[in-house]
J.: 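Before we start, here is the structure in question, set down as structure tokens.
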Amino acid sequence: MLAKRIIPCFDVANGRVVKGVNFVNLRDAGDPVEQARVYNDERADELVFLDIMASHENRGTTIEMARRVADEVFIPFTIGGGVRAPEDFRELLLAGADKVSINSAAVRNPNLISEAAWRFGAQCVVVAIDARRITASERLDGLEVAPSANAKIRAGDSKWRVYLNGGRVPTDLDAVAWAVEAERLGAGEILLTSMDTDGTQEGYDLPLLRAISNAVSIPVIASGGAGKLEHFYDAIHAGASAVLAASVFHYKTFRIGEVKQYLAGRGVPVRM
Amino acid sequence: MIAVVDYGAGNLRNVCKALEHVGARIELTDEPAALQRADKIVLPGVGAFADCLQGLQSRGLFEPLRELALAGKPLLGICVGMQLLMTVGEEMGEWPGLDLIPGRVVRFQFEGRLADEHPLKVPHIGWNQITPVRLHPLLAGVQAGSYAYFVHSYHPVPSDPAHVVAVTEYGYPFPSVIARDTVWGIQFHPEKSQDTGLAMLRNFVRF
């Protein structure tokens with residue numbers, strides 16, 4: 001049986017690991033490659049590196065990081081941040097990454113999903129979605145980003161809005177509809193972060209997770225809000241194929257093995 | 001020296017690094033002469049069967065590879081490299097393989113075989129368990145039920161069940177490790193399967 005995956009995530013900036021609380025405050029948490037090796041030894045199933053300051057000038061730094069990680073860890077890993085073109089995919093895959101995550105670029109140019117899937121295989125195309133619940137007073141129109149006509153927010157119907165650039169730029173996309181559209185275009189996986197729960201350690205956003213897991217048939221990685229062991233179970237129960245966390249692993253609230261023991265005890269198939 | 005065959009099959013860096021990690025001296029090569037010199041050969045593979053086949057043929061590697069393997073030089077195929085060991089590949093047409101292990105490479109076929117209502121997805125991606133069905137040096141020290149990392153839509157079906165070394169359950173048990181004499185094949189990615197994969201690569205290197 002396929003194992004449910006436990007994935008530590010590194011937010012990387014200028015070659016260092018950082019992690020924001022509610023996407024704002026950045027705290028230094030060390031060298032990515034060194035930490036990758038620790039999680040590899042602790043039997044993490046996969047690693048995700050998101051370069052939150054990625055720009056064209058520091059592409060080389062990210063690729064070099066991918067190479068160094070590939071030299072030391074023998075589990076799959078994903079790199080994201082600043083990926084805009086199929087050529088960026090190619091460079092990261094050749095450096096040793098197994099998957100590449102795209103977020104803003106996929107929203108601004110949905111064809112990037114299909115082009116990358118066609119050239120490199122759907123298995124390496126991860127579409128990251130940052131979503132936040134729409135409040136009653138929110139305006140639904142007048143937003144600049146207008147990419148995928150299939151996935152626009154509909155008043156009275158949509159519950160979550162897609163945000164770009166680490167949560168700074170609102171779009172007119174409905175998170176559930178956008179996930180469906182991403183799958184249709186060839187995404188192999190959805191990395192779903194709830195901006196409402198991220199950094200709170202009060203649990204993953206289960207309604208959001210359920211809505212998107214039910215809407216797509218590709219694996220959904222739950223992200224944002226892990227603080228207790230049962231949160232991981234709840235996310236898997238809500239439909240996640242994998243659970244991602246940063247702070248609780250980086251600050252050693254839990255070890256990977258502890259989470260796996262707990263899940264195994266509750267009947268979830270995990271790789272021990 | 002272990003020759004890792006480079007026939008334009010995408011990223012070979014991970015395979016090379018994993019082999020070096022378990023102590024192998026490797027040479028990444030697309031030259032028949034290097035295969036001749038090598039003690040053992042690793043045939044990796046990413047992508048479509050026909051592309052890989054064409055990559056071997058256009059570099060004049062197909063025949064030398066086949067002859068060296070038949071002469072007894074240990075050969076390890078990984079993922080699509082493993083599928084190329086078979087007689088026929090059915091990915092987007094019918095393609096001749098190296099025919100070192102008789103049988104076909106077929107797409108996952110679940111129709112009429114699944115009692116479960118949940119459709120399984122193809123490609124089969126993720127950590128899944130391997131169950132040995134017979135003793136083999138490639139699996140020395142690898143426990144039954146160990147997890148390995150898979151990414152594939154097709155799997156081999158050897159004509160002779162004796163060539164199946166281990167199976168994995170995905171809708172039905174499919175052969176995930178196969179072998180005939182000194183020609184061995186692994187459907188998953190040992191270079192991404194942590195200790196389980198590294199143990200198997202080490203077994204090949206030390207064989």
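Letters A, B, ... mirror the listed sequences (proteins, then strands); counts begin at 1.
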J.: Name the region of A:Ala242, side chain, backbone, both or neither, that has any atom closer than 4.5 Å to a heavy atom of chain B.
T.: neither
J.: Counting heavy-atom pairs under 4.5 Å to chain B, which of A:Arg90, A:Met1, A:Gln123 comes out on top?
T.: A:Met1
J.: Counting only non-hydrogen atoms closer than 4.5 Å, does B:His124 touch chain A with its backbone (N, CA, C, O), its side chain (CB onward), both, or neither?
T.: side chain
J.: If we define contacts as heavy-atom pairs under 4.5 Å, which of A:Ala70, A:Ser217, A:Gly121, A:Gly188 has the most with chain B?
T.: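 Answer, by heavy-atom pair count under 4.5 Å with chain B: A:Ser217.
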J.: So, is the end of the A:Lys99 side chain (NZ or CZ) under 6.0 Å from the ring centre of A:Phe77 and within 45° of the ring's axis?
T.: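 Judged by the rule, A:Lys99 and A:Phe77 form no cation-pi pair.
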J.: Quick check on A:Asn40 against chain B: is it the side chain, the backbone, both or neither that has a heavy atom closer than 4.5 Å?
T.: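 Answer is both: backbone and side chain atoms of A:Asn40 are under 4.5 Å from chain B.
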J.: What is the ring orientation for B:Phe174 with B:His152, classed by angle as parallel under 30°, tilted 30 to 60°, or perpendicular over 60°?
T.: tilted
J.: Other residues, nucleotides and ligands only: do more than 12 of their heavy atoms fall within 6.0 Å of CD on A:Gln261?
T.: no
J.: Establish, yes or no, whether a centroid distance under 6.0 Å links the rings of A:Tyr204 and A:Tyr233.
T.: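 No: the rings miss the under 6.0 Å criterion.
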J.: Residues in side-chain contact (heavy atoms from CB on, under 4.5 Å) with B:Ala18, at least two apart?
T.: A:Phe74, B:Glu191, B:Leu198, B:Leu201
J.: So which atom in B:Ile2 and which in B:Ala24 form the shortest heavy-atom distance, rounded to 0.1 Å?
T.: CD1-CB, 4.0 Å
J.: Counting a contact as any heavy-atom pair under 4.5 Å apart, which residues of residues 263-272 of chain A contact chain B?
T.: A:Pro269, A:Val270, A:Arg271
J.: For A:Ala240, give me all partners under side-chain contact (heavy atoms from CB on, under 4.5 Å), at least two apart in sequence or on another chain.
T.: A:Leu209, A:Ala222, A:Ala235
J.: I'd like to know which of B:Tyr147, B:Phe150, B:Tyr149, B:Trp127 tops the heavy-atom pair count under 4.5 Å against chain A.
T.: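 Maximum pair count with chain A is reached by B:Trp127.
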J.: Under 4.5 Å heavy-atom distance to chain B, tell me which part of A:Leu2 shows up: side chain, backbone, both or neither.
T.: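 It is both, since atoms from each part get that close.
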J.: With rounding to the nearest 0.5 angstrom, report the CD1 to CG distance, B:Ile41 to B:Leu68.
T.: 5.0 Å
J.: For a quick test of your reading: what N or O donor-acceptor pairs under 3.5 Å do the side chains of residues 44-57 of chain B make, sequence neighbours left out?
T.:
none

